[in-house]
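Data first, discussion second: the structure below is written as structure tokens.
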Amino acid sequence: YLVMEFIQGKSLEKEQEDIGGPLDERRVMNWALQLCDVLNYLHTQQPPIVFRDMKPSNVMLTKNDQIKLIDFGIARFFKTTATKDTTSLGSRGYAPLEQYGHGQTDHRSDIYALGATLYTMLTNTTPPDSPMRRINPSLFETPRQLNPRVSAATESIILKAMAEMPDQRYQSAADMY
């Protein structure tokens with residue numbers, strides 16, 4: 001059996017639809033800290049849990065501005081002995097290259113997806129999916145190109161989280177926090 005909590009609120013995707021554009025940076029970065037805490041908790045379990053589907057529609061926002069992660073449908077336990085995932089799953093724009101069969105997903109895959117989620121919230125644009133970014137890097141516009149109100153510091157955090165290679169990303173959610 002799977003028991004789930006009922007979460008009263010709305011998804012970040014719905015929040016963005018209601019606002020009709022980029023969201024307030026301070027508010028988004030508050031959510032980012034909460035999401036880093038959640039990911040750190042998942043990644044430090046034994047065995048570690050890799051969520052693999054972070055995106056605005058899978059993050060609920062309560063009336064108290066608290067964040068709740070939902071839809072653990074493709075989450076998996078990290079296997080240190082595996083060299084790649086059995087199946088390639090994830091959402092376009094939010095899944096890193098390794099989730100497309102180019103290696104094994106690990107905690108850094110969730111960090112990429114968190115960066116892509118922040119990108120969407122601050123630009124009102126879904127980033128190009130990672131295989132397309134590799135084929136044609138010019139497709140990727142930085143957050144500040146799309147929304148000049150995004151601070152340089154926040155853009156730097158997002159770009160590091162969304163680095164193509166896992167070893168160039170934050171190495172843990174705690175580091176990103």
Side-chain angles (χ1 to χ4, degrees), residues 9-43 50-62 65-70 90-100 102-103 105-177:
K10 59 183 170 180
S11 70
L12 291 183
E13 179 179 63
K14 177 69 172 132
E15 177 73 0
Q16 188 144 46
E17 281 176 21
D18 291 350
I19 300 283
L23 299 174
D24 175 70
E25 181 176 347
R26 175 168 279 160
R27 191 170 181 216
V28 169
M29 295 313 284
N30 176 49
W31 298 335
L33 294 175
Q34 292 180 56
L35 288 166
C36 283
D37 279 341
V38 170
L39 291 177
N40 187 58
Y41 173 80
L42 293 173
H43 298 162
V50 181
F51 184 62
R52 298 197 310 166
D53 203 19
M54 171 80 65
K55 59 186 176 184
S57 62
N58 283 346
V59 180
M60 292 292 289
L61 179 63
T62 70
D65 232 26
Q66 294 292 307
I67 290 297
K68 304 274 186 171
L69 208 51
I70 62 169
S91 299
R92 295 179 68 104
Y94 302 98
L97 270 177
E98 62 269 19
Q99 219 160 314
Y100 285 89
H102 297 276
T105 54
D106 64 19
H107 57 282
R108 297 167 302 180
S109 306
D110 286 342
I111 289 169
Y112 180 98
L114 174 54
T117 297
L118 300 176
Y119 180 105
T120 299
M121 298 288 92
L122 293 170
T123 66
N124 199 34
T125 305
T126 303
D129 66 319
S130 53
M132 290 307 296
R133 280 181 66 192
R134 175 172 264 188
I135 293 166
N136 187 357
S138 66
L139 289 175
F140 183 77
E141 294 179 273
T142 67
R144 288 169 54 90
Q145 286 175 298
L146 296 170
N147 179 0
R149 294 186 315 262
V150 173
S151 70
T154 293
E155 179 178 75
S156 176
I157 291 166
I158 292 169
L159 294 177
K160 181 168 180 159
M162 292 182 68
E164 183 177 313
M165 303 306 297
D167 61 345
Q168 295 172 350
R169 297 178 202 145
Y170 293 100
Q171 295 303 293
S172 72
D175 287 346
M176 186 171 174
Y177 185 99

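If you read the sequence from its start, that first residue is 1, and numbering goes on from there. The figures here come from the full heavy-atom set of this structure, side chains too, leaving out hydrogens, waters and symmetry mates.
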side-chain contact (heavy atoms from CB on, under 4.5 Å) between Val38 and Gln34, intermediate numbers included:
CA-CA 6 Å; Val38 170; Gln34 292 180 56; 5.7 Å; no
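- Side chain of Asp110 to main chain of Phe51: a donor-acceptor pair is present (N/O by atom type, distance under 3.5 Å, no hydrogens or angles).
- Atom OG1 in Thr125 sits 5.0 Å away from atom CG in Leu146 (nearest 0.5 Å).
- Between the CH2 atom in Trp31 and the CG atom in Leu12 there is a gap of 5.0 Å [rounded to 0.5 Å].
- Using a 4.0 Å cut-off between charged side-chain N and carboxylate O, Asp18 and Lys14 make a salt bridge.
- With respect to Arg27 and Asp65, a salt bridge is recorded, a charged nitrogen being found less than 4.0 Å from a carboxylate O.
- Salt-bridge annotation for Asp167 and Arg108: absent, with no side-chain N of the basic residue lying under 4.0 Å from a carboxylate O of the acidic one.
- One side chain, Ser151 or Thr154, offers a donor N or O that lies under 3.5 Å from an acceptor on the other.
- For CZ of Arg149, the number of neighbouring non-hydrogen atoms (other residues, nucleotides, ligands) closer than 6.0 Å is 12 at most.
- The closest side-chain donor-acceptor pair between Glu98 and Ser109 falls under 3.5 angstrom.
- Of all heavy-atom pairs between Arg169 and Ala163, the closest is NE-O, 2.8 Å.
- The NE2 atom of His107 sits 7.5 Å away from the NE2 atom of His43 when rounded to the nearest 0.5 Å.
- The closest side-chain heavy-atom distance from Asp53 to Tyr94 is not below 4.5 Å.
- Distance CD1/Ile157 to CG/Leu118: 8.5 Å, rounded to 0.5 Å.
- Although no hydrogens or angles enter the test, the distance criterion places a donor-acceptor pair under 3.5 Å between the side chain of Glu155 and the main chain of Arg144.
- Tyr100 approaches Pro96 most closely through the heavy-atom pair CD1-O, 3.4 Å.
- In this structure, Asp175 contributes its side chain and Tyr170 its backbone to no donor-acceptor pair below 3.5 Å.
- Using modelled atom types and a 3.5 Å distance limit, the side chains of Ser130 and Glu164 yield no donor-acceptor pair.
- Gln16 contributes no side-chain N or O that, together with a main-chain N or O of Glu13, makes up a donor-acceptor pair within less than 3.5 Å.
- Judged by distance alone, with hydrogens and angles left aside, the side-chain atoms of Thr120 form no donor-acceptor pair with the main-chain N or O of Asn124 at under 3.5 Å.
- Closest non-hydrogen pair, Gly93 versus Tyr112, comes out as O-CE2, 4.5 Å.
- Residues Thr117 and Lys55 approach most closely at OG1-CA, 3.4 Å, considering heavy atoms.
- Listed for the Asn40 side chain is no donor-acceptor partner under 3.5 Å among the backbone atoms of Ala173.
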Verdict with reasoning, Ser11 to Leu61, per side-chain contact (heavy atoms from CB on, under 4.5 Å)
CA-CA 6 Å; Ser11 70; Leu61 179 63; over 6 Å; no
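- Under a 3.5 Å cut-off, the side chain of Gln99 and the backbone N or O of Arg52 do form a donor-acceptor pair.
- No donor-acceptor distance shorter than 3.5 angstrom exists from the side chain of Arg133 to the backbone of Pro128, with no hydrogens or angles considered.
- With values rounded to the nearest 0.5 angstrom, Met176 atom CE is found 8.5 Å from Leu39 atom CG.
- In this structure the side chain of Met54 reaches within 4.5 angstrom of the side chain of Leu69, judged on heavy atoms.
- A centroid separation of less than 6.0 Å is found between the aromatic rings of Tyr119 and Phe140.
- Interatomic distance, CD1 of Ile111 versus CG of Leu35, reported as 12.0 Å (0.5 Å rounding).
- Across Pro22 and Leu122, no two heavy atoms sit closer than the pair CB-O, 3.2 Å.
- With hydrogens and angles ignored, the 3.5 Å screen pairs a side-chain donor or acceptor of Gln171 with a backbone N or O of Pro166.
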